[in-house]
**Student:** 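Just dropping this structure here.
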Amino acid sequence: MARRPGAEEERPWGLAEHGRLGKRKVVGVVVLDGWGEAPPDPFNCIHVADTPTLDALKKGAPERWRLIKAHGTAVGLPTDDDMGNSEVGHNALGAGQIYAQGAKLVDLALDSGKIYEGEGFKYIQQSFDTGTLHLIGLLSDGGVHSRIDQLQLLLKGASEHGAKRIRVHILTDGRDVLDGSSVTFVETLENDLAKLQEKGVDARIASGGGRMYVTMDRYENDWQVVKRGWDAQVLGEAPHKFPSALEAVKKLRDDDPKANDQYLPPFVVVDESGKPVGPIVDGDAVVTFNFRADRMVMLAKALEYEDLDKFDRVRFPRIRYAGMLQYDGELKLPSHYLVAPPEIERTSGEYLAHNGVRTYACSETVKFGHVTFFWNGNRSGYFNPNLERYEEIPSDTGIPFNVQPRMKAVEVAEKARDAILSGKFDQVRVNIPNADMVGHTGDLEATIAGCKAADEAVKIILDAIEQVGGIFVVTADHGNAEDMVKRDKSGKPIRDKDGNVQPLTSHTLNPVPIAIGGPGLAPGATFREDLPDAGLANVAATLINLHGFEAPRHYEPTLIQVSPVPF
Ligand SMILES: O=C(O)[C@H](O)COP(=O)(O)O
Ligand SMILES: [Mn+2]
Ligand SMILES: [Mn+2]
C-alpha cells in the first residue's frame, strides 16, 4: 500500500480508547516461526508431533481460532506464487499495513530501467572503466533473499551500462529451494555469462559456497561464516580450487554427503596457473544482490566499515560498494544502494510506545531480529528505551539445527514468563523458531521434536498469562514444518524408483493459525466473520485493540469484534 508522502507527519500518534476493551492487560504475543496449517499427513510434522497446547487452542474455542494468509500479495510479495518468509511476515504483523516488499521493488526498478538511473548504480559505474564489477549473493529462484532472474537482468543491464569485467560470487541455496538445485542454477548462470563473453564482456563466476556455511549468517550469530566468504570472495583463498563453479558444486556435493547446497564448503575458481580469477581489489565495484536484509548486514559491515574487529579481513580493499537495497535504515547500511527499500512507517510498536504501552520482546539469536528489527519495520533499536526491553538468548552455533531441535524454545518461553509475571510489561512478544529452523534442515524426525518443544514453550507462556489474568495471541509468520515433502501437482509426495521422497526444506504457501484467549480477554471478544481473506497485516490492529485502543484508520482492519455480553 503506497503512502502519501508527507501525510504521515500530520497524523497524531495518540490512539482513541477502545469502547469495549480495557487497558493495561498483559498481552502475550507468540509468533511460531514456520508454523502453517495443512491437512493431516505423515509429512505434516506439526500434525505428527505431540502438540497438546496448540491442539487445544484449535479445538477449544472455534470462534477464537482462525487461519490467516501469510504468503504472496497478502504480505507485499510480487505474486501469490511467492511463499511467505520471516521478513515480510514480521513486517506485516508489526506494521499492520501491506507494503510492496524488496522483491517487488527490485522487479519494478529493473523492469522500468530506473535502477540504472539511480544514485547507487551511478556510484558503482565509476569503477567500470578500470575495475571489475563483483556481484555477491544467493543463487536461486527462492524469492526470499534474492532471485536469479533479477541477477540475470542486472548482469545484462550492467554490461550494457559499461561493465567490462564482471565476477559473480555465488552462494548456493537448498533452503528456500530444493537441495541439489544449485547445479541447475549454476548451469543457467554459466550459460548467461558465456553469452556475455561472446559480446566481449569478461564475465565469470569467481567463488562460491553454501549459504549457511559461507557469508549468509545473521544477527551476528557466527562471524566465521562471513570470514569464510570474505577469504574466498575478497582474498581469493579457499580450501577448494576448481577450474569452474559447475565442477565445484558437483564435485563437492558428490564427495561429502554433508556438503549439501546449504552447507557447501567455500571454493574459488582458478585459471590454468592456479590463480583465483576474481579476488576483490582496490578500485573494484561490489554489489550484494540480495534484497533481503538480515543475512546481508554482516557482509555489508565487512565491506563498508573501515574498522571492524569481528574477524581479520587481512586486506580491506578500497571499493565502491552498493547493496541491492539499503539493509538497515537506522545504520544507513550500506550507504549506497540500487533500489530504495520499502518505507515501513508507523508500526504498531511505535504507536504503542507513543501511547505508554510497555513492551518486552525476546527470541534466540537466529530469530531475535525477526521479533524486533523486522517487527518494527526494519528498524534497529528502541522507539522509547524507557518503555521497551529486548532480550536475546544466544543460539547454538556451529551445528545444524536438527542436532539440537529443541533449540532455546523453553529458555525463550521462561524469559517471557518472567516478563509476564514481573508486572513491568503490557506486551510480551516472542518468536519460537523451531518449526522453521529445524524444518529448513529437511530432517523430519528432528522437525517433529522441534514442534513438540515449541508447543511446550507456548504452554509456559499461556500458563503465565493465566496467572496474571492476561490475554494471549498465538500465531505464526508463514508455513514450513506442516509440509516437509516435495509433491506433485495433485499434492501426492513424489517418490523415486526406490520409494524415497525428497524433503522440502523451504517455506510454504499455506495459511497460518491465529488464536486469542486468556482470562483477560473480554467475554464477548471473538473473531469477525466478515474478513475471510485476512492476513498477517490484520494482526497489528487486533493487538492494538487488545491493549485497549482503537487501531489507526489506515491499518488493515482488526480481526476481532466485541459484542456486549448479556447479564
Ligand atoms: O533465511 C532463512 O533462513 C530462509 O531463507 C528463510 O527463513 P525465514 O524467512 O524464516 O528467516
Ligand atoms: Mn520465519
Ligand atoms: Mn525460515
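Every number for a ligand or one of its atoms is a count from 1 in the order of the listing.
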**Student:** Tell me, which protein N/O/S atoms are under 2.8 Å away from the Mn ion (ligand 3)?
**Tutor:**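 The answer is D436 OD1, D436 OD2, H440 NE2, H507 NE2.
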
**Student:** Check for a donor-acceptor pair, side chain of R313 on one end and backbone N or O of A302 on the other, with a separation under 3.5 Å.
**Tutor:**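 Checked: pair present.
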
**Student:** For the residue pair F373 and H90, is the inter-centroid distance of their aromatic rings smaller than 6.0 Å?
**Tutor:**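 Ring-ring flag for F373/H90: false, centres at least 6.0 Å apart.
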
**Student:** Would the distance check show the side chain of R228 and the main-chain N or O of Y213 forming a donor-acceptor pair, the cut-off being under 3.5 Å?
**Tutor:**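 Indeed, once roles are kept as given, a pair shorter than 3.5 Å links the two residues.
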
**Student:** Determine whether the side chains of Q262 and D173 contain a donor N or O and an acceptor N or O closer than 3.5 Å.
**Tutor:**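 Short answer, no.
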
**Student:** Closest N/O/S atom of D477 to the Mn ion (ligand 2), by atom name?
**Tutor:**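 Atom name of the closest N, O or S in D477: OD2.
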
**Student:** Can you measure from CH2 (W375) to CG (L93) and round to the nearest 0.5 angstrom?
**Tutor:**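 The distance works out to 5.0 Å.
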
**Student:** Can you name the residues that form a salt bridge (Lys or Arg N to Asp or Glu O under 4.0 Å) with D192, not counting sequence neighbours?
**Tutor:**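 With sequence neighbours excluded, D192 shows a salt bridge (Lys or Arg N to Asp or Glu O under 4.0 Å) to no residue whatsoever.
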
**Student:** Tell me if the NZ atom of K415 is crowded by more than 12 foreign heavy atoms within 6.0 Å.
**Tutor:**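 Not buried by this count: 12 neighbours or fewer within 6.0 Å.
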
**Student:** Kindly say whether P39 contributes a backbone atom to a donor-acceptor pair with the side chain of N44 at under 3.5 angstrom?
**Tutor:**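 Yes, N44 side chain to P39 backbone: donor-acceptor pair under 3.5 Å.
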
**Student:** Tell me every residue that passes ring-ring contact (aromatic ring centres under 6.0 Å, His included) with H134, counting only those two or more places apart in sequence or in another chain.
**Tutor:**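 Only H169 meet the ring-ring contact (aromatic ring centres under 6.0 Å, His included) criterion with H134.
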
**Student:** Please list, by chain and number, the protein residues whose heavy atoms come under 4.0 Å of ligand 1.
**Tutor:**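 Close residues (ligand 1, cut-off 4.0 Å): D33, N85, S86, V144, H145, R175, D176, R211, R218, R292, R295, K367, H370, D436, H440, H478, H507.
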
**Student:** Classify the ring geometry between F425 and Y360 as parallel (under 30°), tilted (30 to 60°) or perpendicular (over 60°).
**Tutor:**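 Ring orientation, 0 to 90° scale: tilted.
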
